[in-house]
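See structure below.
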Amino acid sequence: MLNRTYQWRPIRFRLKSQFLIPTFSLLFTKPSVSAANITSDDETSDPVREILNKASTSKDLFGNHSVRTLIPTLNSLQVDQIIGNLGLEDPDSAIDFFYLLRNEYGSCGSRVSQFVIGHLLAGKRRLKELRTVLEQMLQEEGSGSAPSLSELLENRFRAWDSNDLVWDMLAFAYSRSEMVHDALFVLAKMKYFKIQASILTYNSLLYNLRHTHIMWDVYEEIKASGTPQSAQTNSIVIDGLCGQSLLQEAVAFLQENEGKESKPCIVSFNTLMSRFCKVGYIDVAKSFFCMMFKYGLLPDAYSYNILIHGLCIAGSMEEALELTDDMERHGVQPDVVTYNILAKGFRLLGMMSWARKIIRQMLLKGLNPDVVTYTILICGHCQAGNIEEGFMLQEEMLSQGFQLNDIAYSVLLSSLCKRGQVGEALRLLHEMESTGLKPDVITYSILIHGLCKQGEVQEAIQLYNKMWLKRIFPNSFTHNAILLGLSEKGTLLEARMFFDSLTKSNLMENIVWFNIMIYRYAKVGKVREAVQLYEQIIEKGITPSIVTFNSLIYGFCKSRKLAEARTWLGMIKAHGLVPTDVTYTTLMNALCETGNIRGMFEVFREMEARAVEPTNITYTVIIKGLCKQQRLQESLQLLEVMHAKGSSPDEITYNTLIHCFCKARDMGKAFQLHNEMLLHNLQPSPVTYNILLNGLCVNGDLNDADRFFSSLQDQNIRLTKVAYTTLIKAHCAKGDVCKADTLFRQMVEKGFEISITDYSAVINRLCKKNLTIKVKVFLHVMLSDGITLDQQICFVMLNAFRRVGDLTSEFELLAKMIKCGLLPD
DNA sequence: CTAGGGTTAG
């Protein structure tokens, strides 16, 4: 007590303050807090004296009306004076006064007052409150404040009772607020004053530093300081080691340190199991689960949930359900998390009816769905393409008093983007922002990817820049999207430049960037460049993925180097990877294209032998192969197989078959297949119509083709340029130039871009029929369209003019050709 | 220490 009053003595403080007012006033407002005790009355302002008087006479200080009216008039100095005095006389009242100020007037007094209260709380071992007071202080001070706060504690409070405890709590609060450097500064000060830090403080610091090697310094210091370790200490180290991908070391650490001094800790085991599940070693996790029993530990709900989660992610739902039963048998009740994990497992497998069954079970248990439950359901519906159901669930959530979080919004955004409704997605982003949610790097990446997929790379880059402005930093996913957009929309060179800048500026290079580039090179037939990138991957020690190899194989197939493509199939196995449905389908497609149907079936048999499930694309390729051999009945049978297997044929499957029947001059069956598409809710594409139109032109009456074409136009069905050129060519060939002319004009009016090929197609056919007058008309239109001639079409026309004896036109054309440099002389 | 969101290939 004496010591305490000594520090509070106004004499020393006043002396100092007389010289230091300018700087000190910042921290201490004005001289002594306890001045009221000692100094003459005129130095103590009236409200302070009045409140202190009331405090000594009345029991219920704060129920007193006149005190209540005085409080709002107090300034910071006066608050310090009251707290300082009350603190000496009546700590409880001081604390009450402090809370009253904070809760009802939103003021916390100066740092001095806060530290006074801190010491009083520490003295009464009200540690949680002490932590709150300090954490609030640190929120306001921010990082880098440790030196000034330490100085205050050192100069003004060192001799106070419980001062050691406040120091420790200050370090702890800094650590919890993730101001690690400040925490270390305070710890250093404490070491200097020989104040022992508590294990809680050490653990918190250890936790914050667990992903760095400094973790060991803290750990060594804990040992050196002789502070008794808590059960938590070791599990933090274990988690840290796992986080640094040192799983072996983590296990070794557990074996060395657990169960020797104290009972081993469940948390350590849980941490290890969770980490091993995450990297796919579920069997290892299971063995830890069993080991717990040997150590005399009973797994808790976390242990079960972690293992159930691991099983669900691996798709072993049966085992996951068994373990859930086990859990109940051992008297550990499955909780909301357990059911959410199971529901997610079924969702991942696309088994939404089972997921709903799980949720029903949960409801029967009297557990209420939470935001995560709803998010899983929304995700499941969206995944199945039913966004509308997703939005209905959003409504339900809101009516249940849940607010959608950023993850639920991301799920909805992502499925809108996948459907190509990026505009809708952007609208949803605004809705999200208006509810106060902050889109994060994932949300932005989804949108950027959506925009890039739609070819709106400029907009994507704008969003990318906006993200930077909001200090949300793009990650490799974001860059994937931009690279993808550039490679699809821009030139290959542009994409390569962006790719090079990515690989140069990023320490962690991403296999997906390489895969995107390799695929692009493969697609345009630049296998050499693709292989060069593959060599770079190997040189840099990056692990290639199955996509890398599939893209390379695709490249060799595109360049008709099938033997090499097969060699690369061997490389997949050499790298410990497994060929996928894409691998085999790519090869099968290439063999089919070259007419090697036997080879195609050989690959298919290998695929079956390796138990790789064929997809609808695989079946479509086989159908294409069968069609090539005119095995029409078999291809129709395969279509039935697809329906039966639930491997739904898509629009391309039908287009393949329709094309095949058109070629076989069976237009009836072709149209029947078209109707079947509609029955299966498959929207025929412009390609479907081109195939049918061409079929009618080649096999049937041109009038049928015309009628079909107009009916499509009447229904406002989207058609491509090919539909027009198909009909135009047919009319040219049959000699109805008038009709061809009309269609050509229509095509131009629709805004399609017309090239020399389109004119050449018409002119070629007209020339064949010696319809040179019409040729001249088309030539004129073409030239006025700004299209330049090429040598090939000129010679065709010259020959035609010569045949019909139109010398004038022949010379005119020759003159034009010389002007364009199409003739040597 | 457990549950919910984003990437490349035919």
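All values below were derived from every heavy atom in this structure, side-chain atoms included, with hydrogens, water molecules and symmetry-related copies excluded.
A:E424 and A:R427 are joined by a salt bridge, as a carboxylate oxygen and a charged side-chain nitrogen come within less than 4.0 angstrom of each other.
In this structure, CG of A:L323 is placed 13 Å from C1' of B:dT2, rounded to the nearest angstrom. The OH atom of A:Y584 sits 16 Å away from the C1' atom of B:dA9 (whole-angstrom rounding). Between the P atom of B:dG6 and the CD1 atom of A:I407 lies a distance of 10 Å, rounded to the nearest Å. Rounded to an integer number of Å, the gap from NZ of A:K453 to P of B:dA9 is 5 Å. The distance from atom OH of A:Y374 to atom C1' of B:dA3 is 16 Å, rounded to the nearest whole Å. The distance from atom CG of A:D370 to atom P of B:dT2 is 16 Å, rounded to the nearest whole Å. Between the CG atom of A:N234 and the C1' atom of B:dC1 there is a distance of 14 Å, rounded to whole Å. Whole-Å rounding puts the A:F346 CZ to B:dA3 P distance at 18 Å.
Using a 4.0 Å heavy-atom cutoff across all strands shown, A:K418 reaches sugar-phosphate atoms only and no base atom. Residue contacts for A:T548: at a heavy-atom cut-off of 4.0 Å it reaches no nucleic acid atom on any strand shown. Nucleic acid contact for A:T586: sugar-phosphate only, since backbone atoms but no base atoms lie under 4.0 Å from a heavy atom of the residue. In this structure, A:D335 reaches neither bases nor backbone, as no heavy-atom distance under 4.0 Å exists between it and the strands shown. Within the nucleic acid shown, A:T338 has no heavy atom closer than 4.0 Å to any nucleic acid atom. Residue A:I341 is classed as a sugar-phosphate contact, given heavy-atom separations below 4.0 Å to backbone atoms only.
Taking side-chain N and O atoms only, A:R347 has a distance below 4.0 Å to OP1 or OP2 of B:dG5. OP1 or OP2 of B:dC1 has not a single side-chain nitrogen or oxygen of A:H309 nearer than 4.0 Å. Checking the phosphate oxygens (OP1, OP2) of B:dC1, a side-chain nitrogen or oxygen of A:Y207 falls inside 4.0 Å.
To the nearest 0.5 Å, atom SG of residue A:C557 and atom CE of residue A:M588 are 12.0 Å apart. Note that the CD atom of A:Q383 and the CD1 atom of A:I376 stand 12.0 Å from one another [nearest 0.5 Å].
Donor-acceptor pairing under 3.5 Å, judged by distance alone, is present between the side chain of A:D440 and the base of B:dG5. Below the 3.5 angstrom threshold, one finds a donor paired with an acceptor across the side chain of A:N475 and the base of B:dG6. The base of B:dG5 sits within donor-acceptor range of the side chain of A:T443, with an N or O pair under 3.5 Å.
For A:V267, counting side-chain heavy atoms from C-beta on, the closest listed nucleotide (B:dC1, B:dG6, B:dT8) is B:dC1. Comparing B:dG6, B:dG5, B:dC1 against the side chain of A:S414 picks out B:dG6 as the nearest. Residue A:F477 places its side chain closer to B:dG6 than to any other of B:dC1, B:dA9, B:dG6. Checking B:dT8, B:dA9, B:dG6 against the side-chain heavy atoms of A:V512 singles out B:dT8 as nearest. Among the nucleotides B:dA9, B:dT8, B:dT2, the one closest to the side chain of A:V337 is B:dT2. When distances run from any side-chain atom of A:V547 to the nucleotides B:dA9, B:dC1, B:dG6, the shortest one goes to B:dA9. For A:V372, the side-chain atoms get nearest to B:dA3 when compared with the rest of B:dA3, B:dT2, B:dG5. For A:I446, the side-chain atoms get nearest to B:dG6 when compared with the rest of B:dG6, B:dA3, B:dC1.
Partners of A:E564 under the side-chain hydrogen bond (donor to acceptor under 3.5 Å, both in side chains) rule, at least two apart in sequence or in another chain, do not exist in this structure. By the ring pair (Phe, Tyr, Trp, His ring centres under 6.0 Å) test, A:Y444 is found to be paired with no residue, residues two or more places apart in sequence or in another chain being considered.
Between A:F514 and A:Y534, the ring centre distance reaches or exceeds 6.0 Å.
For B:dT2, the base is not stacked against the aromatic ring of A:Y302, per a cut-off of 5.5 Å between centres and 30° between planes.
Because its NZ or CZ atom is both nearer than 6.0 Å to the ring centre of A:Y207 and within 45° of the ring axis, A:R210 counts as a cation-pi partner of that residue.
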